[in-house]
Amino acid sequence: FLPVIGLVPAEELVPGDLVGTNKDSYLILEKLPSEYDSRVKAMEVEMNTGDEKLTDNFGMIGGLEKQIGELKEAIIEPLRNKHLFDSIGIQPPKGVLLHGPPGTG
């Protein structure tokens with residue numbers, strides 16, 4: 001919770017609005033129009049509302065067994081077996097940032 005969300009009053013914002021933010025403070029600087037640049041569309045995150053089941057799985061990725069194993073060990077196992085990691089003082093990650101050259105996924 002931030003006491004000041006930026007230059008746009010909170011009453012004017014609804015879920016799904018596109019906004020421009022300050023890159024350092026994340027304060028909302030402006031409300032963007034619904035029609036926007038394709039570069040912005042490429043960075044949009046699709047939210048899963050919980051109504052539909054995700055169908056993606058590691059079987060859809062070929063040739064990256066080592067990297068998939070590292071992801072499972074670092075991300076999935078701590079979330080599935082939280083009690084084991086808690087007992088040795090390791091907190092599960094809150095997320096993962098995957099990166100690579102354009103076109104790699």
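Owing to the predicted nature of the structure, the values given are computational and were not obtained by experimental measurement.
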Contacts of [X] that satisfy side-chain contact (heavy atoms from CB on, under 4.5 Å) - sequence neighbours left out:
{"X": "Asn22", "answer": "Asp24, Ser25, Leu29"}
{"X": "Leu71", "answer": "Phe58, Ile75, Val96, Leu98"}
{"X": "Glu65", "answer": "none"}

Check: Ile28 and Leu13 side chains under 4.5 Å, non-hydrogen atoms: yes
Heavy-atom side-chain proximity of Val8 to Val19 below 4.5 angstrom: no
Inter-residue atom distance Thr21.OG1 - Leu32.CG, 0.5 Å rounding: 9.0 Å
Set of side chain to side chain donor-acceptor pair (under 3.5 Å) partners for Glu70, sequence neighbours left out: none
Donor-acceptor pair, side chain of Lys31 and main chain of Glu12, under 3.5 angstrom: yes
In a table with atom names and distances, give each donor-acceptor pair under 3.5 Å that connects a side chain of residues 82-89 to protein atoms at least two apart or in another chain.
unit_1 : atom_1 : unit_2 : atom_2 : d
Lys82  : NZ     : Asp86  : OD1    : 3.4
Lys82  : NZ     : Asp86  : OD2    : 2.9
Ser87  : OG     : Leu84  : O      : 2.6

Hydrophobic cluster (4.5 angstrom, side-chain heavy atoms) - remaining members for Val14: none
